[in-house]
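What follows is one structure encoded as structure tokens, with my remarks underneath.
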Amino acid sequence: MTTPTLDQVRRAPKVLLHDHLDGGLRPQTIIDLSAEIGHALPSVGGDLTAESLGTWFREACDSGSLERYLETFDHTVAVMQTADAITRVARECVEDLVADGVVYAEVRYAPEQHVSQGLSLDEVVAAVQAGFDEGVAASGGRIVVRQLLTAMRHQARSMEIAELAIAWRDRGVAGFDIAGAEAGYPPTRHLDAFEYLQRENAHFTIHAGEGFGLPSIWQAIQWCGADRLGHGVRIIDDVTVGADGSVELGPLASYVRDKRIPLEMCPTSNLQTGAATSIAEHPIGLLTKLRFRVTVNTDNRLMSQTSMTNEMWRLVEAFGYQTSDLQWFTINAMKSAFLPFDERLAIINDRIKPEYAAL
Ligand SMILES: O=c1[nH]cnc2c1ncn2[C@H]1C[C@H](O)[C@@H](CO)O1
Ligand SMILES: [Zn+2]
């Protein structure tokens with residue numbers, strides 16, 4: 001049993017399954033790209049610097065409402081409308097993940113949000129892939145990165161995006177997702193896309209159980225066939241803790257645990273959107289104790305001013321997690337990746353286990 005130091009958490013190999021490309025821009029890059037295209041950034045109440053803009057994003061996202069949180073993406077999406085800009089953002093994303101100790105990442109974004117200046121959906125995916133390839137090459141192969149293509153749940157382009165994911169499946173795209181405001185937009189709205197992906201033997205995750213509760217999770221799994229749950233934090237509503245400390249799982253929570261359905265948990269993001277009240281009270285503590293397949297993620301590094309190191313460190317502080325617990329989260333995540341089995345195993349055996357042993 002060893003309690004990790006912050007430096008060990010920083011150096012530990014990490015696996016990231018839930019990270020939005022348009023939620024992870026460097027503030028300075030937003031400033032640079034805005035100046036190039038004349039996009040008006042929000043007033044930050046003083047000089048516009050990388051620091052003040054970074055603070056603006058975090059504070060604007062602290063409202064406790066997912067809908068308000070999502071409004072800030074107008075500014076990041078606005079500066080990601082040309083191939084060069086998208087490639088820069090994607091390359092910098094990989095650089096930042098490598099610096100954070102990430103050895104495997106699935107990074108998602110919604111191609112349909114990047115076509116307002118004339119790019120085709122295909123050109124958007126190609127621009128992201130070019131940036132990822134540059135970043136991976138510059139790292140000397142220290143990281144493996146895949147794209148997840150997201151469809152926006154309030155829009156009606158999910159089938160097109162699902163087809164795009166299949167067209168790119170051997171060229172860097174590992175799966176599909178839906179995101180955006182959850183309340184009022186149930187996953188079954190996109191059932192045709194999910195059924196198509198299942199026929200194609202493809203993988204997908206669904207943002208569910210974040211801004212809405214159990215019905216959303218139930219639909220995502222039992223109607224749509226999701227491989228993983230984006231957040232899934234509200235599965236806790238189906239877990240009853242008795243006065244004597246006894247724990248009872250309802251049928252849906254039992255199903256999720258028994259089937260080892262991965263939960264892509266994003267603690268800091270959940271505090272900002274009101275899905276949890278503090279890290280110490282975040283359901284990740286109980287879900288981990290109950291051995292659900294919990295993974296730790298960043299969601300939006302810009303909006304939450306976070307990193308994998310920070311998310312893990314906050315958990316160490318709140319729950320006293322040991323190095324072995326962090327390795328468990330990491331191996332859980334790698335087992336749950338949308339990468340072929342032999343490649344997952346190779347990263348566990350060649351990177352995660354030896355690098356943990358050397359910490
Ligand atoms: O945590 C989230 N929940 C729902 N939607 C989200 C979350 N984080 C980002 N998004 C949305 C906003 C982005 O523009 C979109 C694609 O990455 O996904
Ligand atoms: Zn998300």
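Order of appearance sets the numbers: ligands from 1, and atoms from 1 within every ligand.
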* Asked: Does any N or O atom in Glu210 lie less than 3.5 angstrom from one in ligand 1, N or O only?
  -> yes
* **Tyr109 N/O to ligand 1 N/O under 3.5 Å** => no
Just to check, does [X] reach to within less than 4.0 Å of ligand 1 when the distance is taken from its heavy atoms?
X      : answer
Leu66  : yes
Met303 : no
Gly23  : no

* Proximity winner for atom 16 (C) of ligand 1, if only heavy atoms of Asp22, Leu21, Asn270 are counted -> Asp22
* Asked: Using the benzene-type ring in the case of Trp, are the ring centres of Tyr321 and Phe329 under 6.0 Å apart?
  -> yes
So, [X] and the Zn ion (ligand 2): N/O/S under 2.8 Å, yes or no?
X      : result
His231 : no
Asp299 : yes
His20  : yes

* To do: Might you point out which heavy atoms bring Leu121 and Arg157 nearest each other, and give the distance in Å?
  => CD1-NH2, 3.8 Å
* What are the two closest non-hydrogen atoms of Asn332 and Ser336, and how far apart are they? -> O-OG, 2.6 Å
